Amino acid sequence: MVFLEDLSQIYMLLRMVHTKCRGGKYPFSEIKRQTFPDELVPWSVKFPDYNPPEHNSKALLNKPWADPPIDDPHFQPKWNELDGSINRKSHTGNYAVSEGRPFNPEGRTGVRGRGVLGKWGPNHAADPIVTRWKLVDGTKQINSFSKLPVLQFCAIQRRDCKQWALPGGMVDPGEQVSETLKREFLEEAMNSLEASKEQSESDMEMVKQFFQGGTEIYKGYVDDPRNTDNAWMETVAVNFHDDEGTSVGKFDLKAGDDAQSVRWTDIDRNLDLYASHSSMIEAVARKLSAHW
């Protein structure tokens, strides 16, 4: 078992393999991605036969939070910069722009356009990884195989694809990532706490204090099935750990917002989670010397 001592090791573990956004149909559409071998993913490799379909969801038209079509003459984005309140910078560094279009820093995806993503270029999200130890009568449960304590995390089931995932979401324009992390957890995983009049002010204050800490686990590109050649997901994932189970870890969870269901889930290598969330969960387990 390898335990991770610093962020550089975690980032090496979490190098996002560019696979979930290649092959098959693009999400929520009948658009089939052009397929090609791994060696042709990088833009630096010549691929004269690359001619993927264009897909831009009509559902995005005239949405106040979405960019206009790329050919709109009034659309003059500042690529690789802070464009007013919209962050068009990438955590990976400067991305290429050609013929007015930003290009996915991880390479070809088999479909052009922005698909169902609101922004051309990077779409910034934040993922709170809220964890607690699995306790029975106050005692940590030990996995019989690894001999390590079992960690649990807050998992939500997405309404769109039914997969289990972290309770993350998009960073609003001008919003601090720390606020996004707290907001998304409250909206998706603790609907009962936020909505109930029976919850005490002390509980709400405790939750606010809990989200003032946290350890950054990953910041960068996400291998998301919604990614395209010209629009992609990036995230900041932060672990908030309730070591004693007396803070957020003591609450029963209730789904809200975009979540269909929510639960405390045992962390294990056999988890099949949305996008790159399994890699993030693994990094947390290794960081906390927990079973994986």
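When a residue number appears, it is its place in the shown sequence, counting from 1. Everything numeric here is computed off the predicted structure, so don't read it as measured data.
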Residue pair [X] / [Y], side-chain heavy-atom distance below 4.5 Å:
X: I142; Y: K134; result: no
X: L271; Y: W164; result: no
X: M280; Y: T235; result: yes
X: Y26; Y: K32; result: no
X: R183; Y: D172; result: yes
X: N227; Y: V111; result: no
X: F75; Y: D67; result: yes
X: P167; Y: P128; result: yes

Looking at every non-hydrogen atom in both residues, tell me the closest pair between [X] and [Y] and how far apart they are.
X: Q34; Y: D49; answer: NE2-O, 3.2 Å
X: P122; Y: K119; answer: O-CB, 3.9 Å
X: W133; Y: A290; answer: CZ3-CB, 3.7 Å
X: F211; Y: L181; answer: CE2-O, 4.2 Å
X: D224; Y: C21; answer: O-CB, 3.1 Å
X: E175; Y: V171; answer: O-CG1, 3.5 Å

Cluster overlap [X] with [Y], hydrophobic side-chain contacts below 4.5 Å:
X: Y274; Y: V284; value: no
X: L273; Y: V150; value: no
X: V262; Y: V207; value: yes

Verdict with reasoning, L151 to H241, per side chain to side chain contact (heavy atoms under 4.5 Å, CB included) = CA-CA 10 Å; L151 197 64; H241 179 60; 3.6 Å; yes
Side-chain donor or acceptor of [X] paired with backbone N/O of [Y] under 3.5 Å:
X: T228; Y: A231; result: yes
X: N123; Y: L117; result: no
X: Q163; Y: D160; result: no
X: W120; Y: P68; result: yes
X: Q152; Y: T265; result: no
X: N230; Y: F103; result: no
X: N87; Y: L82; result: no
X: S57; Y: A59; result: yes
X: N143; Y: H291; result: no
X: R112; Y: P52; result: yes

Spatial distance of atom [atom1] ([X]) from atom [atom2] ([Y]) [nearest 0.5 Å]:
X: F47; Y: E39; atom1: CZ; atom2: CD; value: 9.5 Å
X: T215; Y: K287; atom1: OG1; atom2: NZ; value: 7.0 Å
X: N270; Y: D268; atom1: CG; atom2: CG; value: 4.5 Å
X: M170; Y: H124; atom1: CE; atom2: NE2; value: 8.5 Å
X: W264; Y: D266; atom1: CH2; atom2: CG; value: 11.5 Å
X: L61; Y: N56; atom1: CG; atom2: CG; value: 8.5 Å

Does atom [atom1] ([X]) have a neighbourhood of more than 12 heavy atoms from anything else shown, all under 6.0 Å?
X: N62; atom1: CG; result: no
X: E30; atom1: CD; result: no
X: K46; atom1: NZ; result: no
X: E81; atom1: CD; result: yes

Does a side-chain N-to-carboxylate-O contact under 4.0 Å join [X] and [Y]?
X: K219; Y: E234; value: no
X: R101; Y: E54; value: yes
X: R132; Y: D243; value: no
X: E282; Y: R269; value: no
X: D223; Y: K20; value: no

Any chance the side chains of N104 and Y95 put a donor and an acceptor closer than 3.5 Å?
-> no
Any luck finding a side-chain donor-acceptor pair between D127 and Y218 under 3.5 Å?
-> no
Taking it one step at a time, do W65 and I86 satisfy side chain to side chain contact (heavy atoms under 4.5 Å, CB included)?
-> CA-CA 10 Å; W65 44 264; I86 299 173; over 6 Å; no
Just do the side chain to side chain donor-acceptor pair (under 3.5 Å) check on N239 and T131 with the steps written out, would you?
-> CA-CA 7 Å; N239 177 220; T131 54; 3.1 Å; yes
Partner of H277 under side-chain contact (heavy atoms from CB on, under 4.5 Å), chosen from L166, I129, D272 | L166
Mind running side chain to side chain contact (heavy atoms under 4.5 Å, CB included) on K78 and R88 for me, showing each step along the way?
-> CA-CA 7 Å; K78 297 179 180 178; R88 299 195 189 278; 5.5 Å; no
Could you walk me through whether F153 and I281 pass the side chain to side chain contact (heavy atoms under 4.5 Å, CB included) check?
-> CA-CA 8 Å; F153 80 105; I281 292 297; 3.6 Å; yes
Looking at Y50, is R108 sitting on its ring face, NZ or CZ under 6.0 Å from the six-membered ring centre and within 45 degrees of the normal?
-> yes
Please say whether the positively charged group of R114, taken as NZ for Lys or CZ for Arg, lies over the ring of W232, i.e. under 6.0 angstrom from the six-membered ring centre and within 45 degrees of the axis.
-> no
